[in-house]
Amino acid sequence: MKVTVLSGGVGGARFLRGMSVVVNGDNISIVGNVADDLEILGLHVSPDLDSILYGLAGLADDERGWGRAAETWNALETVAELGGDSWFRLGDRDLGVHLVRTQMLREGVTLSEATARIAHALGLTCRLLPATDDPLRTFVETPAGTFAFQTWFVARGHRDEVDAVHYAGAPEARPAPGVVEVIDEADVLVITPSNPYVSIGPILAVDAIRSALERRRVPCVAVSPLIGGRAVKGPADRMLARMAGGTSPASLASCYEGLIDALVIDEADAPDALPASVRPVVTKTLMHDAEARRRLAQDVLDAAGALA
Ligand code: GDP
Ligand code: CA
C-alpha cells in the first residue's frame with residue numbers, strides 16, 4: 001500500500017515517525033513544506049524538511065521538541081559575539097546539514113535533488129520531496145505590519161495576531177519532480193497534524209498540487225493539530241480562532257474544503273457539524289511516545305480503509 005503524506009515540520013515529523021513503523025518506508029512519500037525556508041548567515045535553511053529528516057533518521061531532540069539531539073551551540077555563540085544574525089537558532093550539528101545543502105544549491109543542484117541526497121545519506125527509506133523547487137515563501141499580515149514568516153515566528157515569537165497569510169511565489173510555483181505522481185499514485189493520502197495556514201497551506205497553494213488532491217480517487221485523511229481546541233504547541237489555535245472563526249473540528253475542516261474525506265480528531269474535541277463529506281474519526285491524538293505515534297498512524301490507515 002502506498003501512502004503519500006503532506007507534512008509540515010515538527011507535528012508532521014512526529015506523525016511520520018509513527019507512520020514509518022506501520023508502513024514500509026519504501027511505500028511512504030512525503031510532500032514537505034518549504035515556505036518557511038530562509039537564507040541566513042549565507043545558508044539555505046529548510047526547517048520543515050529538516051524536522052522530517054531528523055525525526056525519521058532518529059536524530060531529533062524529543063525533549064526540546066525541535067532540532068537535533070545532543071546539539072551544541074558554539075558556532076551561534078561566535079556569531080552573536082561578532083554581532084552577526086543570531087536570532088534564528090542554528091545548532092552546530094544542524095549547521096552541518098545547512099552547509100552541505102547550501103553548497104549543493106550553489107552548484108546548481110535543485111532543492112529536491114539536494115533533499116534526496118541528504119535523506120539518502122541519513123538512511124531514510126521514505127521518499128521526501130519538497131512541495132516545489134521554486135521560491136515559495138509565507139508572509140503574515142498582522143496589526144503590526146506584514147512580516148516574513150520566520151521574522152514573525154522566531155524573531156517576534158509569533159506574538160502578533162494574524163489577519164491573513166500570503167504565499168509569495170505561489171502562482172508561479174511548479175510542483176517539484178515527482179510530487180504530482182506520488183499524489184496520483186497513492187492508495188492513501190494523509191495531511192499531518194500540522195498548522196493548516198503556515199505548514200499545509202503553502203503546499204496547497206501550488207495549483208497543480210491542489211488540483212491533484214481535488215481529483216483524488218482514494219481517501220484523504222487529515223489529522224487535527226488541536227486537542228480540546230488548543231494547539232499542542234505554537235499558534236495554530238490562535239490563527240484558526242481569528243481566521244476561521246473558531247477552533248472546532250469544523251473550523252479546521254474549512255481549511256481543507258474539498259480536499260479531505262475524514263478528519264481525525266482527539267477525544268477531547270466534539271465532532272460537531274463537520275461537512276457531510278468529511279467523516280469524523282475520534283481517537284487519542286497526543287503523540288507523547290512511540291506507541292502513541294504508532295497507534296495514531298494505524299488509526300489513520302484504518303480510517304482510510306473504512307472509506308475505500
Ligand atoms: P512546524 O512546521 O514545525 O511548526 O510543525 P507543524 O506545522 O508540522 O506542526 C505544528 C502543529 O503540530 C501544532 O499546531 C501542534 O498543535 C501540532 N502537534 C504537535 N504535537 C502534536 C501531537 O502530539 N498531537 C497532535 N494532534 N498535534 C500535535
Ligand atoms: Ca513549519
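We count ligands from 1, going down the list as the structure has it; atoms in each ligand are counted the same way. All residue numbers refer to positions in the sequence shown, counting from 1.
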Practice task
Give a yes-or-no answer on whether the side chains of Ser248 and Ser251 include a donor-acceptor pair shorter than 3.5 Å.
Solution key: yes
Handout entry: Flag for Asp94-Tyr54: side-chain donor and acceptor within less than 3.5 Å
Key = yes
Problem - Arg294/Glu291 ion pair, N-O < 4.0 Å - result: yes
Practice task
With sequence neighbours excluded, tell me which residues meet salt bridge (charged side-chain N to carboxylate O under 4.0 Å, His left out) with Asp266.
Solution key: none
Practice task
Check each protein residue for a heavy atom under 4.0 Å from ligand 1 and list those that pass, ordered by chain and number.
Solution key: Gly8, Gly9, Val10, Gly11, Gly12, Arg14, Asp48, Pro193, Ser194, Asn195, Ser199, Ser224, Pro225, Ala231, Val232, Lys233, Ala236, Thr285, Leu286, Met287
Handout entry: Protein N/O/S atoms closer than 3.0 Å to the Ca ion (ligand 2)
Key = Asp36 OD2, Asp48 OD1, Asp48 OD2
Handout entry: Salt bridge Asp207-Arg174, side-chain N to carboxylate O under 4.0 Å
Key = no
Problem - Electrostatic pair Asp299:Arg295 at N-O distance under 4.0 angstrom - result: no
Fill in the blank from the handout: Members sharing Val10's hydrophobic cluster, built from side-chain contacts under 4.5 Å between Ile, Leu, Val, Met, Phe, Trp and Tyr, are Trp66, Trp73, Leu76
Exercise for the section: State whether Asp36 and Arg137 are salt-bridged, where the test is any N-O pair (Lys NZ or Arg NE/NH1/NH2 against Asp/Glu carboxylate O) under 4.0 Å. Expected result: no
Exercise for the section: Assert yes or no for the condition that the ring centre distance of Phe139 to His166 is strictly below 6.0 Å. Expected result: no
